[in-house]
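The analysis underlying the following values was restricted to heavy atoms, covering all of them including side chains, and did not include hydrogens, waters or symmetry mates. Keep in mind that this is a model prediction, so the values were computed, not measured. Indexing begins at 1, ligand by ligand and atom by atom, following the structure's order.
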Amino acid sequence: MSSGAGKVDVLISQTDLQARVAALGAEITRDHAGRSLVVVGVLKGSFIFLADLVRAIDLPISIDFIGISSYQGTRSTGVVQITSDLTRPIEGKDVLLVEDIVDTGLSMRYLLDNLATRKPASVQVCALLEKPSRAVVKVPIQYRGFEIGDEFVVGYGLDWDGKMRNLPFVGVPRV
Ligand code: IMP
């Protein structure tokens with residue numbers, strides 16, 4: 001498929017993404033029956049995954065976003081900054097943090113530590129992708145879409161220097 005920046009090989013197809021997201025939504029719904037959730041999307045990469053995931057969750061939820069930046073090009077800088085904060089307090093709430101990918105784990109570690117200071121009742125993590133071979137710090141992921149290898153991926157919200165987020169599948173750019 002043409003992405004506006006060269007060719008991309010499909011790693012996870014649109015059909016496989018849809019099936020996995022539906023299964024994650026059903027699991028989250030089952031695990032939280034009778035409760036409500038604050039779903040927090042980590043911007044920008046999670047926005048497409050989150051949009052599909054919340055429609056597969058049958059619970060009373062509210063949705064908020066937190067923006068962070070830690071990447072430049074294809075490498076994590078390790079320095080995490082909050083670029084836009086939550087709009088509401090999460091004190092006493094059950095939070096589901098939705099992330100596109102856990103790579104080194106540094107961003108997620110930072111976010112979990114930061115959110116913990118706001119005294120939520122609980123925080124769980126739902127990540128579409130995990131690259132276990134790249135982990136620098138171990139972070140708990142309660143809901144994981146797919147494990148992938150050490151390759152840079154784009155699409156379904158994930159970018160390469162701001163581009164290719166709109167691909168409907170997860171793919172590997174051919175360089
Ligand atoms: P970490 O702090 O190294 O775990 O990086 C997490 C963030 O880096 C993710 O939220 C993504 O925005 C970005 N990232 C990590 N790996 C990739 C990738 O393969 N493609 C696109 N973005 C990535």
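Close approach of ligand 1 to D159 is summarised as follows: ligand atoms under 4.0 Å from at least one heavy atom of the residue are 21 (C). Those atoms of ligand 1 that come under 4.0 Å of a heavy atom in T104, given as number and element, are 1 (P), 2 (O), 3 (O), 4 (O). With ligand atoms numbered from 1 in the order given, ligand 1 contributes 16 (N), 17 (C), 18 (C), 19 (O) to contacts under 4.0 Å with heavy atoms of K131. Within ligand 1, the atoms closer than 4.0 Å to a non-hydrogen atom of E99 are 10 (O), numbered from 1 in the order shown. For ligand 1 and S107, the ligand atoms under 4.0 Å from any heavy atom of the residue are 1 (P), 2 (O), 5 (O), 6 (C).
Within the 4.0 Å heavy-atom shell around ligand 1 one finds G105. Using a non-hydrogen distance threshold of 4.0 Å, K44 does not register as a contact of ligand 1.
A side-chain donor-acceptor contact under 3.5 Å links Y156 and D52.
No more than 12 heavy atoms of other residues, nucleotides or ligands shown are found within 6.0 angstrom of CG on D58.
Every residue two or more places apart in sequence or in another chain was checked for a salt bridge (charged side-chain N to carboxylate O under 4.0 Å, His left out) with R20, and none qualifies.
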What side-chain donor-acceptor pairs closer than 3.5 Å can you find for residues 136-143, not counting sequence neighbours?
unit_1, atom_1, unit_2, atom_2, d
Q142, OE1, V125, N, 2.7
Y143, OH, D31, OD2, 2.6

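The two residues G92 and A121 come nearest to each other via the heavy atoms O-CB, 3.5 Å. For D64 against T87, the heavy-atom pair with the smallest separation is OD2-N, 2.8 Å.
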- Show your reasoning for whether side-chain hydrogen bond (donor to acceptor under 3.5 Å, both in side chains) applies to H32 and E27. CA-CA 9 Å; H32 298 82; E27 204 182 327; over 6 Å; no
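Across V137, L158, V153, heavy-atom proximity to atom 20 (N) of ligand 1 is greatest for V153. Distances from atom 9 (C) of ligand 1 to the heavy atoms of V102, I101, V172, L111 show the closest one on I101.
Residue contacts with ligand 1 for V136 are absent, since no atom lies close enough (heavy atoms, distance under 4.0 Å).
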